[in-house]
Amino acid sequence: MFWSAMALGETRASFLPEVAEQLFRDIQKSQEETSQIPDDLLIALKFVFGPCALQALDLVDQRSVTRLSSPSGRKAFQVMGGSGRLYTCFVSCHYCPCPAFAYTVLRRNEGPLCKHILAVYLCQAIGVTQQESVSDEQMSTLLSGTTVS
Amino acid sequence: MSSRKRRRHYKDIKCVFFPDEVENKFQKVNREPPSLSSVSSAKSWERCGDSFVDSPGIKSIKSSGRKLSAIRNLALSALESADHSNEDPVNIAWSSSDSEQSDDDTRQRHASRVVAQQQQQQRPQRPGRPTAPIQSYTTALRMLSTDKEELPVIDTDSDLDGSEEGFVIDSGQQISECESESLDGKQDLPLQLTNERGLEISGSGSDVVNDGHVMTSSTLDSECFPLQTGEGSKRSVSDWVRSAQAMLQTPQKPLDRQSKTPEDSAKKRRRFQSGGLAERLNRLQRRQRSAVSFWRHQSISDTSITATADKPGVLVLEVLEVQEECSMQLAHCEHHGPPGEGHRHNNPVSEKRARMLVLFNRETASQLIPAPGDIIHIYPPWQSLSIEGFSCDIILNTHFSQKVYSASKAANMFIPRGLLSAQRCSPYSLCKTFGLLEVCRTTEENSAKQTTVSGALCSFGGSGVLTRRCLSLLEAIEGLGQAGCVGQDVEVVVQRVYSIPVPDCSPMTILKPRVPSRSSSAPPAEKGKTRLCVLVQDSYGMFSAVQLHLLPCKDDLHEYCRMWQGRTCVLRDIKVVQRVTRERRTRLFSLIDSLWPPVMPLQDHGNTPSVSSESRPAGPAPSFCYLLSGQESSVEHADGQTLSPLYLPPTKLSLRDILQSDVKTCRCSFVATVIHKRIIQSSDVGQGEVWLVLTDPSLQEEQPERPCRRTVALCVNTSCVLTSSVLEALNSPAVCRMSFRDSIKEHGVLLCVEQSVVEMCSVDSGGRLESTTSGSESLSHSLCEPQAKTLSQPVRLDPLSPEITPNCLCSLTGVIVGVDENTAYSWPACNHCGSDNLEVLAERPEHFHCVSCKSVVDKPDTKIQLEVFLSSSLSNCTLKVKLQQKTIMSILNTAALEGDEFPGYDVENVLGKEVGPLAVYVRVVTRKPSLCMGLEEICL
């Protein structure tokens, strides 16, 4: 499908997300089958995400990602940064309030993700996301971004 | 300024500058014109030797001093055009002090000045970025990392100028500290320029692989020289600047930056959680980084890179199109066959080539500058990722990439940078999430989906970075980690287990074994140690000989044979000792040849992992292999007890088949009866060569159609280790049966050498053989059982023939034509024990005392040595035979009957007597000037 898009001279397909997605799938698979992640997946992760990968893995090691769900069925991820600050990331799209996301991803388009979102993916793939229920009120506050906890 | 900042500042000053010059120094840096400053700094660095003596961080005072001054100088030259950026040069100066490479500093100076001036001319908008003074990787790297720091985020605090030098040094210090301290300190100083730089530098220094520094520096490096020497490089200055800009134009560490935002770094830990993923990646990264920089260093110094492209795993790609995405470059490539077949320009009609997508990270891309039409080599290790829904693989981890053909250069085109640059692709939609987010780990669902995704990521080659089990010895070895260690586990088949003798610790004991002081100091157990070895083969057909631990007992060999031979094992923690070629190790390769071609199709070291499952017919046997070393734990069973399908057990042949085969030199295995043993050079079997005369039923039976020798000689070389049971058998006069594995047939003689294994065949249990050679038991049984029954007694020997070679047995009948009187003598021997160690009893001179059996010998036997010349059916041949006692007595007794004098013998009486048939051992054969043989009668 990629090649056909190229041949038609359409807008260039963004391709990195596919790589990222496949890597996450591989990680998940490896975790499920062998309960570990081989070194070459880590290396590949590093290659694709750059230094972000190391930091995200550190966040994974720290179990910094929590999946919040509210009675209304809304969900969101909360990532505790290295400083202890919480970043709320969304389920339906890539967004993180951290400066790196604003700069690297949004402004300069130099990386597909920030470390927090990457950590969310990795935690999901490895299955170490913490689960937490919050009230609808809390959830709406979080999602509207009015607080920074 | 924070207290921490100050502390470090102080420390740095203490080590870098001599205390009395600190202030002075700063002023010089800021104010003085370069020439003066170079003089003064040189002077001060001369003096600095003294003050650095106690500074532990600096090892080579002189060289670092020289470099520093040189670099400082360049820095200053750059400074002339710089207003507030004097921190950069000093950074460079500091960082270069720990650079490994010592360069000519005048060259540096020159180069840097040139570049600095160009900088001024070409890039007036960036006055404060000295890009040129590149002496080494490290300096270049670090300098570039300072240069890249042009992020709009940073705002320069001008009132910090007064103390800037301190910060500069501070950042330098951080650079040299690599990753350790670099990331803290930031927290207290939000967005302060110099500090920011320090942090960035160190951050990028710690992350060489991922940022462009190594690459860019090397490019710069190579391009500096044309500039300074004025050689006929076609690259113009603007060209150079263009490429420099290409490297410098983008901020290099955007992803890293995020972690350094003030709020984020407050809790910055240097240590990752022990045993965590981050720690593991960090370690892998470090190893990869050193591998990459080493490779880069090599590839720069190596001008004939293309010659190495025929290694397995090298991807040869032609770039079709390049696009840039998230600071990475994605090249659409066409996969070419191995290089050498000519690229597309000479060979337009070629078979359909596989398409590939290759991802280059920013620094690789900035070095390669891939453009359509280029030919690029990607060396292993790389990884290939197959993505669902994509028809072609994506190649990742392309750190070891090299452009071998540039389309634009070949066409002599000057393509402006803008055209070369890859087309940037629009950012992906943030709404396009990568799966997994919605899923709340419903495992069943996942696993059902995952079954289709099997192992999308394949790694090709390992640089010691990847520790996943590898199937190829070559890959594992060629991607060595540090210190010659093979970091990967390699799955191999143990084809042979054998042992080799280890030279004695003290060579003196070999040379003078009889010196009492020596022999007492060196216990006899010390000599004759043996080392266990295995010959392994991977599924690609490659062999390696692995030397393992010393065997506590030689007989343990059989245990290891049983355990390992024929099994699939994993090699780990092995080191490469040597790469050997067929020419250098003919013996080893004769063994390898005997295992070639493999019994099953091999895997191919194809150029794409996608075809790696295909097999090919085995080509010629490998022409080289690696000698490896390891410990006992280096070999471990991979799976089960079944023999590997790749295992080729030694095929036991009959001696007749071996002797009649047309192959001149080969390895062969067989079971044979040892009918005669002769130890050369040493009294102790196992020390010297042993010559054995062998036969088996196939040689003894009636041979109506194709006559063959009845016996064959085999030499057990000293390099072949004999187990104690074999030694025992060889030292006893009894006939014994042995199995010989992988002995060499060479010029009609059989040899047991390094890789040969000799074992006893026990015939006691009804002819049932006990061979420890696993996997070949059925074979040896079928051959040995009839043998044991049908070996006729007495053994038939060949009649003496002119073609006979030494160390053979033959039967001889002839007439005595002469006696060698010089060698004929007689002596008394004990009639009880046969010992000739007799003493004359003082009281009874006609009697002896036997020292051996401590008895009085009143009637000593008379032993006679007699060598006679025989004439036989063989004409024109002088045969001198040393006779056995029994034959001598029979000759002499008949002679004695005729003469009545005893003990005198008359030669005349012996002459003309017919002897034989005798079993004789051929000691010497000389063919010139006339055929002459030295024989020795033996008892069978």
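Residue numbering restarts at 1 for every chain, and letters A, B, ... go by the order of the sequence lines. Predicted model, so just to flag it, every value in this text is computed and none were measured.
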Original post:
By a 4.5 Å heavy-atom criterion (distance strictly below it), what part of A/F90 contacts chain B: side chain, backbone, both, or neither?
Top reply: backbone
Original post:
Do you know which of A/L122, A/L57, A/D61 has the most heavy-atom pairs under 4.5 Å to chain B?
Top reply: A/D61
Subject >> Any donor-acceptor pair under 3.5 Å from B/Q383 side chain to A/D40 backbone >> reply: yes
Subject >> Part of B/T398 lying under 4.5 Å from any heavy atom of chain A >> reply: both
Original post:
Do B/L357 and A/V19 touch side chain to side chain, with heavy atoms closer than 4.5 Å?
Top reply: no
Original post:
Of A/L45, A/D39, A/L54, which meets side chain to side chain contact (heavy atoms under 4.5 Å, CB included) against B/L281?
Top reply: A/L54
**OP:** Considering non-hydrogen atoms only, spot the tightest contact between A/V48 and B/M328 and give its length.
**Re:** O-SD, 3.8 Å
Original post:
For the atom pair CD (B/Q285) and CZ (A/F47), what is the distance rounded to the nearest 0.5 Å?
Top reply: 13.0 Å
Subject >> chain A interface, residue from B/R280, B/E279, B/R283 that has the most non-hydrogen pairs under 4.5 Å >> reply: B/R280
**OP:** Working to the nearest 0.5 Å, report the span between CZ of A/F101 and CG of B/L430.
**Re:** 5.0 Å
**OP:** Find the distance between CD (A/Q62) and CZ (B/F272) and round it off to the nearest 0.5 Å.
**Re:** 9.5 Å
Original post:
Hey, what do you get for CG (A/L42) to CG (B/N282), rounding to the nearest 0.5 Å?
Top reply: 11.5 Å
Subject >> Any donor-acceptor pair under 3.5 Å from B/Y428 side chain to A/P112 backbone >> reply: yes
Subject >> B/L359, part contacting chain A, at a heavy-atom distance under 4.5 Å >> reply: both
Subject >> Per-residue contact mode, A/A102 against chain B (heavy atom under 4.5 angstrom) >> reply: neither
**OP:** Enter the distance from A/K46:NZ to B/N361:CG here, rounded to the nearest 0.5 Å.
**Re:** 7.5 Å
Original post:
Under 3.5 Å, is there a donor-acceptor pair between the side chain of B/E325 and the main chain of A/F15?
Top reply: yes
Subject >> A/I117, part contacting chain B, at a heavy-atom distance under 4.5 Å >> reply: neither
**OP:** To the nearest 0.5 Å, tell me how far A/L113 CG sits from B/C326 SG.
**Re:** 8.5 Å
